[in-house]
Amino acid sequence: MKVAVIGSGYVGLVAAACFAEMGNKVICVDVDENKINNLKIGKVPIYEPGIDSLVLDNQKKGTLSFTTNVKEALNESTIVFIAVGTPMGDDGSADLKYVLQVAEDIGNNMSHHLIVVDKSTVPVGTADLVRKKIQKTLNVRNCNFTFDVVSNPEFLKEGAAIDDFMRPDRVVVGAENLESLKVMRELYAPFTFNRDRFIGMDIRSAEMTKYAANAMLATKISFINEMANICEHVGADINQVRIGIGSDKRIGYQFIYPGCGYGGSCFPKDVKALINIANNHGYHAELIASVEKVNNKQKNVLFKKIVDRFGTDLSGMKFAIWGLSFKPGTDDMREAPSINLIRSIVENGGEIAAYDPKAITQAKFYLKDIKVEYHSNKYDVLDKVDAVVLVTEWKEFRSPDFQKMSKMMNSKILIDGRNQFSSETIKNQGFEYYQIGVN
Ligand SMILES: NC(=O)c1ccc[n+]([C@@H]2O[C@H](COP(=O)([O-])OP(=O)(O)OC[C@H]3O[C@@H](n4cnc5c(N)ncnc54)[C@H](O)[C@@H]3O)[C@@H](O)[C@H]2O)c1
């Protein structure tokens, strides 16, 4: 099939490369000229395992190309995906300005029938807005090209995006027109070859499914974090409690790891947007509002541990930060808990030496107003520090050389925001060890 993808970020680029890999002819569009120029010469602007080779191979085969020209992309396509950002607006709602700009661009440049697919995460009712915008633009042009708008929310996880797209748990498509649903089923058939995982539904339900899924996952995280905080108050150990509850199949072990709060480009903004969507329809989403509140509090949990151990005046002290991205496997720093922690330490007079395997370039942007010493090795940051704080659970932090650490650090203190070690192991190494949900 001939596919255009508008928006070449984490989602658009991955979707485009994966559709191309399955033999479709895909043209990827972005307004960012620099990004497109780099992609044209094979420079991929994001870190995502497997994406570089997928983009390069398909460019070479001629199945994937890049442009800033929407008209060129639409001329060659029968399906167009909208995969631009839907950032959080000032009131917490999803800001649709990029999506609606693309709708206008489609109306202004289409020259034949198109299936327009909303892949961005958008509030319920957005497909109607996109349809109206395209139609209005076509009316101004005095054109009567037909089109259909469908919803196809994306569930990929950064860090495992290629695998998630290639072997999705499900493909959700909301459509009114059965012909469009059939085309979407054909497009996704190679991705669900061994077992049908295509779920067709009405458009509003598809739009809502994405928010409901993210709200459920965020709820699991805030739930276990709240349990962890209660554990600290009552003298229980969340690590043992987690094993105890996960063994119940109705609960399960997935996504119940205590930590320093969720971040990233999706959960924070989608949870807020869902609260806003509900409010706009006259319903107060009490549980989801609490999920967000608990998470905002949890982002301070590591700083609180520092204050409990060192006091509020951190002047003359230096802290090493292991891990900056909002989770391992990505360079994405959006809403990362490391940002809150680093800002709080610096505001209280402390100094920072930070290391992350992939996110340092992004971190420099998000923390540009703050003095941070960045290093390219996890041991170099430890020189004469008063404590090391593990914020992102990259695999390379799992079995560090404790003897080497001991020699470099001023004091042997490890504050662990992801509960990566057993207390016994760390204490045997002579370290003070602080984790989430354990006294
Ligand atoms: N990142 C994820 O893990 C993830 C997962 C599932 C769903 N989503 C959703 O997918 C959408 C995209 O997210 P992302 O992380 O890929 O965003 P992103 O910020 O990485 O990429 C968006 C891209 O769109 C481009 N763009 C903006 N306006 C444009 C226009 N008018 N024409 C062409 N290009 C334009 C930007 O330059 C940027 O390259 C969001 O709604 C997000 O919530 C993201």
Side-chain angles (χ1 to χ4, degrees), residues 4-18 27-39 44-49 51 66-74 80-89 93-109 116-123 126-127 130 133 137 151-165 168-172 206-207 209-211 213-215 217-218 262-274 325-327 329-336 362 365:
V5 178
I6 304 188
S8 312
Y10 285 90
V11 166
L13 191 60
V14 168
C18 292
I27 180 159
C28 212
V29 187
D30 207 283
V31 278
D32 185 337
E33 262 182 55
N34 193 32
K35 195 177 262 189
I36 291 298
N37 288 338
N38 278 327
L39 282 163
V44 176
I46 53 167
Y47 170 74
E48 182 60 47
I51 187 76
F66 297 96
T67 183
T68 53
N69 187 328
V70 177
K71 193 173 190 60
E72 178 194 339
L74 297 187
V80 53
F81 282 83
I82 303 176
V84 293
T86 44
M88 201 191 298
S93 63
D95 186 344
L96 290 176
K97 67 172 178 275
Y98 302 112
V99 170
L100 294 177
Q101 179 59 54
V102 174
E104 193 173 330
D105 292 346
I106 293 172
N108 271 326
N109 292 289
V116 179
V117 188
D118 271 341
K119 187 162 259 317
S120 299
T121 302
V122 289
T126 301
V130 167
K133 185 64 126 184
T137 319
S151 165
N152 170 218
E154 181 51 57
F155 298 95
L156 63 76
K157 302 182 287 297
E158 285 177 20
I162 304 288
D163 206 44
D164 286 346
F165 202 94
D169 289 336
R170 77 298 216 187
V171 173
V172 170
E207 290 171 333
T209 297
K210 174 66 191 176
Y211 283 106
N214 276 358
L217 294 171
Y262 59 75
S265 66
C266 293
F267 290 174
K269 85 170 167 62
D270 293 349
V271 164
K272 258 194 184 307
L274 182 56
S325 55
F326 85 92
K327 67 172 184 179
T330 180
D331 61 350
D332 202 334
M333 283 292 295
R334 290 178 277 190
E335 306 275 340
Q362 292 281 331
F365 173 77

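Start at 1 and go down the list; that is how both ligands and their atoms are numbered.
Closest protein heavy atom to atom 43 (O) of ligand 1: Lys269 NZ, 2.6 Å. Protein heavy atom in closest approach to atom 1 (N) of ligand 1: Glu158 OE2, 2.7 Å. For atom 22 (C) of ligand 1, the closest non-hydrogen atom of the protein is Gly85 N, 3.7 Å. Of the protein's non-hydrogen atoms, Glu154 O, 3.2 Å is the one closest to atom 6 (C) of ligand 1. Atom 24 (O) of ligand 1 has as its closest protein heavy atom Gly7 CA, 3.5 Å.
Across the listed options Phe267, Tyr10, Phe155, Tyr10 owns the non-hydrogen atom lying nearest to atom 14 (P) of ligand 1. Among Asp30, Asp95, Thr121, Asn214, the residue whose heavy atom lies closest to atom 25 (C) of ligand 1 is Asp30. The nearest non-hydrogen atom to atom 11 (C) of ligand 1, considering only Thr86, Val84, Val122, Asp32, comes from Val84.
Applying the side chain to side chain contact (heavy atoms under 4.5 Å, CB included) test to Asp105 and every residue at least two apart in sequence or in another chain returns Val70, Gln101, Asn109. Qualifying salt bridge (charged side-chain N to carboxylate O under 4.0 Å, His left out) partners for Glu158, counting only residues two or more places apart in sequence or in other chains: Arg334.
With a heavy-atom cut-off of 4.0 Å, Lys35 touches ligand 1 through its side chain alone.
Within 6.0 Å of CZ on Phe155 lie more than 12 heavy atoms contributed by other residues, nucleotides or ligands.
Residue Val102 has at least one heavy-atom neighbour below 4.0 Å for each of these atoms of ligand 1: 30 (C), 31 (N), 32 (N).
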